[in-house]
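All values below come from the heavy atoms of this structure, side chains included, with hydrogens, waters and symmetry mates left out. Lettering of chains follows the sequences in order, A, B, ..., and the numbering in each one begins at 1.
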2 protein chains.
Amino acid sequence: MHLSKRGEYGLRAMIMLAKAPVDEKRLTIGEIAREENIPAKFLEQILLSLKNAGLLQSKMGAGGGYYLARPPEQITLGEIKRTLDGPIAPIRCVSQMAYQSCGCPDEENCGLRLVMQDVRDAIADILDNTSLADVQARITN
Amino acid sequence: MHLSKRGEYGLRAMIMLAKAPVDEKRLTIGEIAREENIPAKFLEQILLSLKNAGLLQSKMGAGGGYYLARPPEQITLGEIKRTLDGPIAPIRCVSQMAYQSCGCPDEENCGLRLVMQDVRDAIADILDNTSLADVQARITN
DNA sequence: TTAAATTCTAGTAAAACAATAGGGTTAGTA
DNA sequence: TACTAACCCTATTGTTTTACTAGAATTTAA
């Protein structure tokens with residue numbers, strides 16, 4: 001579960017969007033890039049992916065920008081991470097999204113696989129149960 | 001916490017060495033490579049790294065081979081994984097082994113960091129508390 | 001009409017990954 | 001003493017992924 005720059009930047013941007021006051025909830029790429037120290041053209045691609053995944057919405061043209069597609073309580077870090085970095089599982093044979101056999105003779109009794117399944121579940125448990133609102137709550141309290 | 005081929009092969013080899021009967025505990029690169037379908041020359045490098053990290057011992061020359069440096073109860077998957085794939089943390093700012101600032105203005109109150117810290121701890125908790133003996137126990141029962 | 005903004009695709013340099021290659025050293029055995 | 005089986009060690013190579021960068025097209029507000 002390495003977090004790439006792509007994933008990191010996307011999560012930071014989403015967290016920033018979640019914390020923006022309701023009346024100015026629409027933020028531009030430039031604003032986010034400046035605040036979070038992210039290369040603007042790179043962030044552009046990332047936000048576009050998040051939009052295509054249905055996590056963001058946007059308004060084009062002057063005065064436009066990005067805003068969350070759903071309230072912060074309903075967007076999890078797991079969704080964001082998967083969108084940007086792909087499956088969460090450490091190895092394909094325990095992936096829910098992108099299962100692929102590892103070629104063991106007997107997968108059911110593969111010790112490595114059983115442990116990696118636990119790891120996957122532990123990570124998914126955190127990421128899929130932490131919403132953008134939960135992230136806010138942890139720092140504002 | 002992605003598991004690279006290097007990490008996967010190393011873990012499989014260590015698990016195989018842990019399960020070998022005591023009287024024939026010394027296995028050659030060739031034997032392990034054949035049994036686990038691992039390119040032999042790649043495995044060679046991996047076992048050498050594990051040896052240099054103090055997790056394996058070896059005997060050179062004809063009739064030689066590799067064997068665990070400690071009993072299976074005393075070697076954790078965490079040690080093996082770290083040796084072969086480096087730090088377990090998903091992002092450097094929560095790494096115990098290789099900490100590095102991510103450049104936030106206030107790391108203590110960085111929401112992303114707090115969550116990633118939880119993820120790191122969850123992974124490390126599993127890997128550092130699962131020994132090679134524990135892996136055996138899970139499949140032989 | 002102009003300027004501010006997103007959209008979309010392509011390209012690229014550097015690093016990481018997954019091997020492969022090959023010569024060197026050690027040790028058992030015929 | 002050869003010979004052979006095994007580990008030791010370092011370098012190289014091809015592929016893929018990562019982290020950007022570039023630029024042209026489109027939309028919208030003023």
**Prompt:** Does the side chain of Lys41(A) get closer than 4.0 angstrom to OP1 or OP2 of dG23(D) through an N or O atom?
**Reply:** no
**Sugar-phosphate, base or nothing in reach of Gly30(B), heavy atoms under 4.0 Å** = nothing
**Prompt:** With a 4.5 Å heavy-atom cut-off, do Cys93(B) and Glu107(B) have their side chains touching?
**Reply:** yes
**Request:** Kindly say if Lys51(B) contacts the phosphate of dC8(D), meaning a side-chain N or O under 4.0 Å from OP1 or OP2.
**Result:** yes
**Message:** Please pick, from dA18(C), dC20(D), dC8(C), the nucleotide with the shortest atom-to-atom distance to any side-chain atom of Lys5(A).
**Reply:** dC20(D)
**Request:** Round to the nearest Å and state the distance from Asp85(A) atom CG to dT18(D) atom C1'.
**Result:** 10 Å
**Joint cluster assignment, Met16(B) & Tyr9(B), ILVMFWY side-chain distance < 4.5 Å** = yes
**Request:** Grab the CG-P distance between Leu50(B) and dC7(D) for me, whole Å please.
**Result:** 14 Å
**Fill in**
Scanning both residues in full, the closest heavy-atom pair of Gln57(B) with Lys51(B) reads CA-CG, 4.5 Å
**Item:** Heavy-atom side-chain proximity of Leu11(A) to Leu3(A) below 4.5 angstrom
**Value:** yes
**Request:** Specify the separation, in whole Å, of atom CZ of Arg6(B) and atom C1' of dA15(C).
**Result:** 16 Å
**Asked** On a plain distance test, is the side chain of Glu44(A) in donor-acceptor contact with the base of dC20(D) below 3.5 Å?
**Response** no
**Asked** Whole-Å distance between dT7(C) C1' and Gln57(A) CD?
**Response** 16 Å
**Asked** OP1 or OP2 of dT7(C) less than 4.0 angstrom from a side-chain nitrogen or oxygen of Ser58(A), does that happen here?
**Response** yes
**Complete:** In whole angstroms, the gap separating P of dA10(C) from CZ of Phe42(A) amounts to 18 Å
**Request:** Rounded to the nearest angstrom, tell me the gap between atom CG in Leu43(A) and atom C1' in dT21(D).
**Result:** 14 Å
**Message:** If you compare every side-chain N and O of Tyr9(A) against the phosphate oxygens of dC20(D) (OP1, OP2), does one of them come in below 4.0 Å?
**Reply:** yes
**Request:** Nearest-nucleotide wise, let me know which of Gly7(A) and Ala62(A) is further upstream toward the 5' end of DNA chain D.
**Result:** Gly7(A)
**Prompt:** Just checking Leu47(A): base, sugar-phosphate only, or nothing, at a heavy-atom cut-off of under 4.0 Å?
**Reply:** nothing
**Request:** Grab the OH-P distance between Tyr67(B) and dC7(D) for me, whole Å please.
**Result:** 12 Å
**Prompt:** Any side-chain N or O of Lys59(B) under 4.0 Å from OP1/OP2 of dG28(C)?
**Reply:** yes
**Prompt:** 5'-most contact on DNA chain D: Gly63(B) or Gln45(A), nearest heavy atom basis?
**Reply:** Gly63(B)
**Request:** Figure out the CD/C1' separation between Glu8(B) and dA18(C), and round it to whole Å.
**Result:** 12 Å
**Asked** Less than 4.5 Å apart, any side-chain heavy atom of Leu84(A) and any of Ser49(A)?
**Response** yes
**Asked** Taking only side-chain nitrogens and oxygens of Tyr66(A), does any of them come within less than 4.0 Å of OP1 or OP2 of dA5(C)?
**Response** no
